[in-house]
Amino acid sequence: MKPVVVSGLKPSGELHIGNYLGMLEAAVALQTSNKYDCFYFIADYHALSQHYNPREKAEEIFTLAVDVLAAGLDPKKSAIFIQSHIPEHANLTWIFNTITSVGKLEGMIEYKEKIEEGQTPNAALFDYPVLMAADILLYKAEHVPVGEDQRQHLEFARDTARTFNKRFGKTFKEPEAILTRALRIMSLDNPQKKMSKSLPKGCLYLSDSPKSIKAKVRAAATDSFREIGYDPEERPGISNLVLIYSEFSGLAIPAIIKKFKGAGYAEFKEALAEILIQKLRPIQQKRLTLLKDRKAVMKILEDGAERAKPIAEKTLLDVKKKIGLI
Ligand code: AQP
């Protein structure tokens, strides 16, 4: 059996380039390597932890499925499914809740950030890391491609595996992150914050039109220096743009700084917008085709759930035996 890779994306709005560079690109590369059994899911239960409109949720799930397929996830290589179609995710969460301390959950950075952003916390937002641990451990994942912002949650999943094994006997492997570049793409309008679906003003979406890309990049926050440079601490705005340029062009950061020596921010931003337009075009074209074929997309998700379900059921059965329910 190949090592297992698991990761998810929340249908809480359209995908942005932070989701793409932080997670999706790595997820596509892992499935393409043929070295892993990949499970990628649409984290609809996670999305319910934030304020939402029930009339929009089904559409957000569908659009996210379209986005991930357009970005390169391939149902022939990976199981792609909807989290809530496998109830074992929620069942295992409940069991993990019983071995999780409230104090540990209170220390989670993302939870604190969401409250600072003005979200009214509900128990699901608080419990988010436990559901994420269940998502990962249910499939006995060894690797989890996630952006840098999810590192603490992954550490939490590792702790959960350790605690469970210690109490009930060896059951889970401790998963590793695949964070080869530990990317954190910052918001375009406020580079102190990460680009986030819940802060739409700072997002550059995979679906943005060339006109919108140009306008967003032109308006992106920089600083009062004149030269293009890279110093995320002192100059977070321009550094974020240089990083995005590097990721989409494949050029190393020092090479970019050399290339734009003597150029102003306007010229650099123009070039960055062009690269983004070019690189996102094939994804957008595929996206338009998929949007017209709802039935095919939903079938992919059903087939993905069929593949994931027996594995999830087997793990939960084992867990129930270990904890004394069976
Ligand atoms: N700004 C980012 N830079 C790098 N990686 C990022 N990810 C998210 N934002 C960035 C990575 O994208 C993957 C999927 O994220 P998610 O949809 O499950 O939830 P999230 O991390 O909470 O993403 P958002 O955009 O910030 O959503 P909201 O605002 O709804 O909470 C994850 O692997 C994440 O690391």
Side-chain angles (χ1 to χ4, degrees), residues 5-30 38-53 56-57 60-61 63-65 67-68 71 73 80 82-83 89 108-119 121-122 124-125 128-129 131-133 135-136 141 143-157 175-207 220 232 236 239-241 243-244 246-248:
V5 165
V6 169
S7 200
L9 293 122
K10 242 181 343 192
S12 49
E14 279 199 46
L15 283 192
H16 52 71
I17 57 169
N19 300 131
Y20 179 75
L21 296 174
M23 180 263 176
L24 255 178
E25 221 185 17
V28 172
L30 288 167
C38 297
F39 295 84
Y40 297 126
F41 63 91
I42 294 180
D44 56 346
Y45 272 164
H46 280 290
L48 302 186
S49 64
Q50 290 166 229
H51 181 74
Y52 69 98
N53 180 346
E56 286 168 8
K57 195 48 74 191
E60 282 180 341
I61 292 169
T63 315
L64 181 59
D67 277 344
V68 300
L73 289 191
I80 305 165
I82 297 177
Q83 182 184 33
H89 286 249
M108 291 287 125
I109 296 163
E110 192 164 291
Y111 174 68
K112 290 195 257 186
E113 278 178 355
K114 291 256 187 290
I115 293 174
E116 271 169 32
E117 282 163 20
Q119 290 193 34
N122 54 36
L125 189 67
Y128 188 111
L131 177 56
M132 184 163 156
D135 297 334
I136 296 167
H143 299 294
V144 185
V146 283
E148 199 267 341
D149 58 311
Q150 293 292 333
R151 191 192 276 271
Q152 195 190 26
H153 287 166
L154 192 67
E155 201 43 55
F156 182 95
E176 305 271 345
I178 297 194
L179 275 170
T180 39
R181 292 165 302 147
L183 271 183
R184 188 177 180 91
I185 303 298
M186 307 311 281
S187 166
L188 294 185
D189 74 332
N190 178 0
Q192 308 290 347
K193 289 196 164 285
K194 75 157 189 154
M195 188 176 286
S196 199
K197 291 186 226 99
S198 44
L199 302 170
K201 274 204 267 170
C203 287
L204 201 139
Y205 297 108
L206 297 188
S207 61
S239 302
N240 189 40
L241 299 183
L243 177 64
I244 295 170
S246 172
E247 288 300 317
F248 278 101

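Read the numbers this way: they start at 1 and go in the same order the structure lists the ligands and their atoms. Small disclaimer: the values here were computed from a predicted structure and weren't measured.
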- Sorted by chain and residue number, the residues with a non-hydrogen atom under 4.0 Å of ligand 1 are Gly8, Leu9, Lys10, Ser12, His16, Gly18, Asn19, Gly22, Met23, Gln50, Glu110, Lys114, Val146, Gly147, Asp149, Gln150, Leu183, Arg184, Ile185, Lys194, Met195, Ser196, Lys197, Ser198
Check whether any side-chain heavy atom of [X] lies under 4.5 Å from a side-chain heavy atom of [Y], and answer yes or no.
| X | Y | value |
| --- | --- | --- |
| Glu14 | His16 | no |
| Pro145 | Tyr40 | yes |
| Asn122 | Leu125 | yes |
| Leu206 | Ile17 | yes |
| Glu247 | Tyr20 | no |

- Might you point out which heavy atoms bring Gln83 and Tyr45 nearest each other, and give the distance in Å? OE1-N, 2.9 Å
